[in-house]
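Here the structure comes first, spelled out in structure tokens, and everything after it is commentary.
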Amino acid sequence: MSFKNKIVLVTGARKGIGYAITKIFLIKGAIVIGTSTDILRVEKINNYIKKYGKGKGMKLDISNVDSIDNFFKKIQRNFGKVDILINNAGILCDNLLINMKEKEWQSVINVNLTSIFRISKRVIRYMIKQCYGRIITIGSVIGSIGNIGQTNYSAAKAGLIGFSKSLAKEVAHKGITVNVIAPGFIITNMTKSLSNKQRAKILSKIPIKRFGNIKDIANIVAFFASEKASYITGETIHVNGGMYMP
Ligand SMILES: NC(=O)c1ccc[n+]([C@@H]2O[C@H](COP(=O)([O-])OP(=O)(O)OC[C@H]3O[C@@H](n4cnc5c(N)ncnc54)[C@H](OP(=O)(O)O)[C@@H]3O)[C@@H](O)[C@H]2O)c1
């Protein structure tokens, strides 16, 4: 599987799942644009990009339209296109619905769902023009099974499945596929804060009896981006050790 000279955009590339996705594309020959909201973290992305391949770390806040517009002006100047988009960046802001503040709802919907619309809309123009493209969005098992304290997160993650199915139908005839990967519990910063009790409870529901690791997700992303997956679109693949089987 080679992505030689393909331009790949990965949002939230500094750590966790985004880091593993960026690394796998670098190793397989792609030119990767990895983003962070923080300029110091952009430098860290640049350091590992240099180590593994070719590309550029760039600043991007996907919750901010001006930041997205500036970012895509630079993409146009420096790269002229995006072949493969990985919508990875995401946040949590948990609260029971009864206590959830408007800001907690809006921020999670904005970062985890509205940004997918904004960024996909900007890259789809390049993809339609060249009759080729891959859009892969990182969802979550929570979008399918729900979770206490995560009405905002599960609404956003469920929403991006519907978004991807509709977009898949709009652009399939242009050689563009649009898919979702829905991880279960993966060992990253996002899951580090779980208590031992919470971990044990989650593990009891995972038939494979371990949390996922970031490579488990990156490998499937690379598959969806490859020619081998060119007949799969509008699909959601669950990578969760068997904790949820649709
Ligand atoms: N870990 C899990 O168990 C799990 C399970 C299911 C789904 N997921 C999903 O997988 C994706 C990656 O999660 P992770 O666990 O790797 O999380 P993580 O380690 O917390 O990383 C999240 C990334 O999102 C970026 N980000 C946050 N807000 C942003 C914004 N406004 N604009 C641009 N980038 C922003 C962060 O970038 P900077 O901080 O550098 O700006 C960071 O790189 C998310 O969509 C998450 O919902 C994770």
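Values below: all heavy atoms of this structure, side chains included; hydrogens, waters and symmetry mates excluded. Counting starts at 1 for both ligands and their atoms, in listed order.
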Could you check whether atom CD1 of Ile148 has more than 12 heavy atoms from other residues, nucleotides or ligands sitting under 6.0 Å from it?
no
If you have a sec, work out which protein heavy atom is nearest atom 1 (N) of ligand 1 and how many Å separate them, to one decimal?
Thr188 OG1, 2.9 Å
Of all protein heavy atoms, the one nearest atom 7 (C) of ligand 1 is Gly139 O, 3.1 Å
Return the residue, atom name and 0.1 Å-rounded distance of the protein heavy atom closest to atom 22 (C) of ligand 1.
Gly90 O, 3.7 Å
Atom indices of ligand 1, in the order listed, that fall short of 4.0 Å to a heavy atom of Lys15
18 (P), 19 (O), 20 (O), 21 (O)
Could you list which atoms of ligand 1 come closer than 4.0 Å to a heavy atom of Ala89?
24 (O), 25 (C), 26 (N), 34 (N), 35 (C), 45 (O)
Here the pair of heavy atoms bringing Ala158 nearest to Gly143 is CB-O, 3.3 Å
Using distance alone, with no hydrogens and no angle criterion, decide if Gln130 and Asp83 have a side-chain donor and acceptor under 3.5 Å apart.
yes
Only heavy atoms of Ile186, strictly under 4.0 Å: list the atoms of ligand 1 that pass.
1 (N), 2 (C), 3 (O)
Per-atom contacts of ligand 1 with Ile91, taking only distances under 4.0 Å to non-hydrogen atoms:
27 (C), 28 (N)
Report the part of Thr37 in contact with ligand 1, treating N, CA, C, O as backbone and CB onward as side chain, heavy atoms under 4.0 Å; options are side chain, backbone, both, neither.
both
Under the side chain to side chain donor-acceptor pair (under 3.5 Å) test against Gln106, which residue among Lys103, Glu102, Glu104 passes?
Glu102
For atom 5 (C) of ligand 1, the option (of Gly184, Ser63, Ala156) bearing the nearest heavy atom:
Gly184
With side-chain contact (heavy atoms from CB on, under 4.5 Å) as the test, would you mind laying out the steps for Phe185 and Arg199 before giving the verdict?
CA-CA 10 Å; Phe185 284 85; Arg199 276 168 198 274; over 6 Å; no
Number the atoms of ligand 1 from 1 as they appear, then name those within less than 4.0 Å of a heavy atom of Arg41, with their elements.
38 (P), 39 (O), 40 (O), 41 (O)
State whether the number of non-hydrogen atoms from other residues, nucleotides or ligands found under 6.0 Å of Lys73 atom NZ is greater than 12.
no
Less than 4.0 Å between a side-chain N and a carboxylate O, is that true for Arg134 and Glu227?
yes
So does Lys165 have more than 12 non-hydrogen atoms from other groups sitting under 6.0 Å from NZ?
no
For atom 17 (O) of ligand 1, the protein heavy atom that lies nearest, with its residue and separation:
Met190 CE, 3.8 Å
Please name the pair of heavy atoms, one in Asp216 and one in Ile220, separated by the smallest distance, quoted to 0.1 Å.
O-CG1, 3.4 Å
With atoms numbered from 1 as shown, which atoms in ligand 1 lie under 4.0 angstrom from a non-hydrogen atom of Ile138?
9 (C), 10 (O), 11 (C), 45 (O)
Under a 3.5 Å cutoff, is there a donor and acceptor pairing between the side chains of Arg118 and Asn64?
no
Less than 3.5 Å between some nitrogen or oxygen of Ile17 and one of ligand 1, yes or no?
yes
Give the contacting part of Asp61 toward ligand 1: side chain, backbone, both or neither, where contact means a heavy-atom distance below 4.0 Å.
both
Is it true that, when you exclude Ile208 itself, more than 12 heavy atoms of the residues, nucleotides or ligands shown sit nearer than 6.0 Å to its CD1?
no
Distance-minimising heavy-atom pair for Pro246 and His238
CG-CD2, 3.5 Å
Short list, please: which atoms of ligand 1 are under 4.0 Å from a heavy atom of Ser36?
38 (P), 40 (O), 41 (O)
How far is atom 37 (O) of ligand 1 from the closest protein heavy atom, and which atom is that?
Gly12 CA, 4.1 Å
Thr35 and ligand 1 - part of the residue with a heavy-atom distance under 4.0 Å
neither
Please report which non-hydrogen protein atom sits nearest to atom 47 (O) of ligand 1, along with the residue it belongs to and the distance in Å to one decimal place.
Tyr153 OH, 2.6 Å
Return the closest protein heavy atom for atom 44 (C) of ligand 1 as residue, atom name and distance.
Asn88 O, 3.1 Å
Nearest protein heavy-atom contact for atom 32 (N) of ligand 1: which residue, which atom, what distance?
Ile62 N, 2.9 Å
For ligand 1, which atoms have a heavy atom of Phe185 less than 4.0 angstrom away?
3 (O)
Residues Ser63 and Asn110: closest non-hydrogen pair is O-ND2, 3.3 Å
Does some non-hydrogen atom of Leu60 fall short of 4.0 Å from ligand 1?
yes
At the 4.0 Å heavy-atom cut-off, does Ser67 count as touching ligand 1?
no
Looking at Thr37 and Asp61, what are the two nearest heavy atoms and their distance?
CG2-CA, 4.0 Å
